[in-house]
Trainee: 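Take a look at this one; I'll ask things after.
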Amino acid sequence: MRHQPDYNILLVEDNPGHAELIDRAFQTESHCHLMVTATLEQARRLIDVANPDLIITDLKLPDGHGTELLNPAGGCPTIVMTSFSDEKIAVSAMKSGAADYIVKSQETMASLPRTASRILREWRLVLDQKLARERQQRLTAILEATPDLICIANLDGFLTYINQSGRFLLGFGKNEDISRIRLADFHDPADGQKILSEGIPCAMREGIWTGETTFQALDGEQILTSQVLISHRNQQGEIEFFSTIARDIRHLRAAEEQVEYLAYYDTLTGLPNRNELAKRLEMEVSRVRRHKNHGALLFIDLDNFKYINDSMGHPAGDQVLQQMAQRLRGSLRGDDTVARLGGDEFIVILSGLSENPVEAVSHAREIATKIGNAIALECRLGDVELHITASIGISMITVEHSDSDDLLRFADTAMYQAKREGRNRVEFFSESMSSNVTRQLELENQLRRALREKQFELYYQPLVDNDGRAVGAETLIRWNHPDRGLVAPGEFLDVLESSGQIVEVGDWVFATALAQMTEWRGRGLWQPEFMLCVNVSPRQFNDRQFTENFHNRLEGAGMASQNIVMEVTEHNIIDNLDDAILRMRELIHRGVSFSLDDFGTGYSSLSHLKNLPVDHIKIDRAFVKDICHNPGDQAMIASILTLSNHLGLKVVAEGVEEREQFELLRKLGCRYYQGYYFSRPLSCSAMTDFLVDRKSAA
């Protein structure tokens, strides 16, 4: 049996007899709780406190009319009681919002519970309908605000509702009649058949179907969606209608494709990356195994590319890489692959060269040469003209050599051999290279350990003037190997440079030399005019942090930069001369001097000398060695001294080992010397003794 709700009823009646009669009538209605009051003022207080479900009020009350309790905006229903003479007023009250009225009589007052129950049922129905409308409005608002297509269709497939997002997606107007439109009409033909054969049967069987479908809007635009089709049943279990939700996933699919692209392609150049390269190399290896038709793997590394990044910035370097990628594409055949391994390293897979191994090698060399020539073409960035070359290593893909990792390693090894042979070369892998690379890697590891375990030492070779007095020293690094003893720099400097360790080791040289010079100065052994000459390698000089790091070292040591002479070779600066001059001037502005080392050995030293901001030059020992016996060397040195004198440059002759050399150089006008005739390179303690002796002799 359905439970009847409890109701609070407020009776406003100033006639005690009428109030008593009505109260007795409601006593039989246990679900109704009657509250009785006689005035409008009391009624208003009770309404605020008790929140009644129904008000029954006499029309005429001591302090006003009962119609003042009417609430046309809602609240609760009101029954107005009138006398016979007030019936017209009661009708007016009905128009003002009263739920009903009764003309007072003993019979009508006794039947008020039935009237109240009817009014409450009707009011509850009104409230339920209002709530349903509000819920419907909220649901519609939600559906209209949803960015997905949402629609409802009858069993024949015709639409009965579609939200604004759906109208916009499919391209028909806001107020356009949809009653003769079927959603299937907007599906791609293949997907329309998919809905009929798969979607609807599944939704009817299981209640829901999901899948990806393509809609075709009125303007022909194809819209990929994630669609849900739902069947809705009544209480008897019969399907009454279908609803569908379709979300535009074109942006999602584009994002997925972008993620897929990023996983296998380089964003800068558009070339396959390492992951895609691995797949294609495996495919080429399988092809070679099946068809015995040789291929080749080319490892391409741009020469001195780091200098471009360091001097012109990474955006310029990126432009160069993009140009190189285009040139590589243009140099290859249709079946070949070019990929970017990372940085300035590219890989080329040459497919199907020849079944004949000799012809395959010949074809690989021809294509590699073509690639090298394409890379070497003029590369222009704005007003700057760059000349770029590449070192190329080749490993042949054969049945015997078909392991992907080995092929990459072999080509990498051959590429480094091309670097060592002078760059801008093509080298094929050979077994001897592998052992050389192994030794190189071992030496790199030993050098890292040497820096970590403080195995490096600084030696100092004095610089003297015409009178044999010390005027400074050149710092020279030595490696105190735990097993081999003292190792000369010629055995390891190239490895430090090629591995990049020279930057960290060079910083250590500066720090150690400055600290030692500070100590000598404190003891009065290092005069204010003495020069400390420090060699700077190409990689150090082109490091973007070099200038700032060096300045910080000077400030930390409290040392004046005027004491420092940086020695650079023509090799340091010739590749990027304009940038090198700018960097030199920046350091000169901070008080540093420059010396051009090994002067006379470069092809263009004399032509560059007038443009380079150097204060010193060092005549290479190769000219000093035979100066007493070779008129040509003597004439060369005389010319250098004369030219330097006109340019205001100080000249240091290095490699002076005999008195005769010293005397002749002094006669020709040289002022500064370095060599075994005056002193071999000295350890720190021996250099201290040398300075002490020279100070005592003075």
Side-chain angles (χ1 to χ4, degrees), residues 251-284 297-351 367-368 370-394 404-405 407-409 411-412 415-416 418-419 423-424 498 500 503 539 542-545 575-576 579:
H251 66 286
L252 180 61
R253 183 53 49 84
E256 291 174 349
E257 291 174 354
Q258 179 67 7
V259 170
E260 179 76 9
Y261 177 83
L262 292 175
Y264 293 100
Y265 288 86
D266 175 52
T267 55
L268 178 65
T269 62
L271 297 177
N273 63 10
R274 186 185 295 268
N275 295 330
E276 180 67 12
L277 171 66
K279 290 167 51 180
R280 297 194 186 187
L281 183 53
E282 284 296 334
M283 291 172 58
E284 177 61 18
L297 185 71
L298 278 59
F299 199 117
I300 302 168
D301 186 274
L302 303 182
D303 296 328
N304 300 317
F305 179 75
K306 185 178 185 300
Y307 298 157
I308 297 174
N309 274 339
D310 289 345
S311 61
M312 302 181 66
H314 287 279
D318 289 347
Q319 291 182 51
V320 170
L321 291 173
Q322 289 169 336
Q323 288 193 36
M324 294 304 109
Q326 292 175 359
R327 294 181 186 186
L328 286 168
R329 286 194 190 99
S331 302
L332 300 180
R333 306 164 303 164
D335 293 336
D336 299 333
T337 292
V338 56
R340 184 184 177 206
L341 195 61
D344 61 328
E345 296 177 337
F346 298 88
I347 300 293
V348 169
I349 302 173
L350 301 179
S351 181
I367 297 172
K370 179 183 177 183
I371 288 172
N373 292 337
I375 289 174
L377 294 174
E378 174 188 316
C379 179
R380 181 168 290 278
L381 298 181
D383 296 332
V384 180
E385 180 181 321
L386 299 175
H387 296 281
I388 299 170
T389 59
S391 298
I392 303 176
I394 304 177
S404 296
D405 291 337
L407 289 167
L408 280 168
R409 182 164 52 85
D412 188 21
M415 182 274 294
Y416 274 108
K419 294 274 189 192
R423 297 182 172 86
N424 192 22
S498 63
V503 174
R539 192 180 287 263
N542 287 282
D543 184 77
R544 302 187 76 175
Q545 301 300 318
D575 290 328
N576 292 284
D579 181 67

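None of these values were measured; they are calculated from a predicted model.
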Trainee: Give a yes-or-no answer on whether the side chains of Ser391 and Asp301 include a donor-acceptor pair shorter than 3.5 Å.
Mentor: no
Trainee: Between Val338 and Ile300, is any pair of side-chain heavy atoms under 4.5 Å apart?
Mentor: no
Trainee: Rounded to the nearest 0.5 Å, what separation is found between the CG atom of Asn373 and the CG atom of Asn424?
Mentor: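 Going from the CG atom of Asn373 to the CG atom of Asn424 covers 8.5 Å.
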Trainee: Taking C-beta and beyond as the side chain, do Val348 and Ile392 meet within less than 4.5 Å on heavy atoms?
Mentor: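 Val348 does not reach Ile392 side chain to side chain.
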Trainee: In Å, rounded to the nearest 0.5 Å, how long is the span from CG of Leu302 to CD of Glu345?
Mentor: 9.5 Å
Trainee: Is there side-chain contact between Arg329 and Leu271, with heavy atoms separated by less than 4.5 Å?
Mentor: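 Touching, per the 4.5 Å side-chain cut-off.
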Trainee: If you measure from CG on Asp266 to CG on Leu321, what distance do you get to the nearest 0.5 Å?
Mentor: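 Asp266 atom CG to Leu321 atom CG measures 8.5 Å (nearest 0.5 Å).
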Trainee: Given the rule in the side chain to side chain contact (heavy atoms under 4.5 Å, CB included) test, do Leu328 and Thr269 qualify, once you have shown the distances and angles that lead to the verdict?
Mentor: CA-CA 11 Å; Leu328 286 168; Thr269 62; over 6 Å; no
Trainee: Quick one, Glu284 and Thr337 - any side-chain contact, counting heavy atoms below 4.5 Å?
Mentor: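 Contact flag for Glu284/Thr337 side chains = no.
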Trainee: Can Asn273 and Thr267 be said to form a side chain to side chain contact (heavy atoms under 4.5 Å, CB included), step by step?
Mentor: CA-CA 9 Å; Asn273 63 10; Thr267 55; over 6 Å; no
Trainee: What distance separates Tyr264 OH from Asn275 CG, expressed to the nearest 0.5 Å?
Mentor: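 Between Tyr264 OH and Asn275 CG, I get 6.0 Å after rounding to 0.5 Å.
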Trainee: Carefully, step by step, assess Glu276 and Lys279 under the rule salt bridge (charged side-chain N to carboxylate O under 4.0 Å, His left out).
Mentor: CA-CA 5 Å; Glu276 180 67 12; Lys279 290 167 51 180; 3.4 Å; yes
Trainee: How about Asp335: does its CG atom have over 12 heavy atoms from other parts shown lying under 6.0 Å from it?
Mentor: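 Counting other residues, nucleotides and ligands, CG of Asp335 stays at 12 neighbours or fewer.
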Trainee: Is there a side-chain contact between Met283 and Ile349 in this structure, where contact means two heavy atoms from C-beta onward sitting under 4.5 Å apart?
Mentor: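 Of all side-chain heavy-atom pairs linking Ile349 with Met283, none is under 4.5 Å.
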Trainee: Could you tell me whether a side-chain N or O of Arg327 sits under 3.5 Å from a main-chain N or O of Leu377, the two making a donor and an acceptor?
Mentor: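 Checked: pair present.
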Trainee: To the nearest 0.5 angstrom, please state how far the CG atom of Leu298 sits from the CD1 atom of Ile367.
Mentor: 8.0 Å
Trainee: If you compare all heavy atoms of Phe305 against all heavy atoms of Gly317, which two are closest, and at what distance to 0.1 Å?
Mentor: CZ-O, 3.4 Å
Trainee: Please name the pair of heavy atoms, one in Met324 and one in Ile375, separated by the smallest distance, quoted to 0.1 Å.
Mentor: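 Heavy atoms only, the tightest pair is SD-CG2, 3.6 Å.
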Trainee: Are the side chain of Arg333 and the backbone of Ser351 linked by a donor-acceptor contact shorter than 3.5 Å?
Mentor: yes
Trainee: Hey, what do you get for CG (Leu341) to CD1 (Ile347), rounding to the nearest 0.5 Å?
Mentor: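 Interatomic distance, Leu341 CG to Ile347 CD1, rounded to 0.5 Å: 5.0 Å.
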Trainee: Is Lys419 paired with Asp303 through a side-chain N to carboxylate O contact shorter than 4.0 Å?
Mentor: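 Salt bridge present between Asp303 and Lys419.
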Trainee: So which heavy atom on Arg380 is nearest to which on Gln323, and how close?
Mentor: O-NE2, 3.5 Å
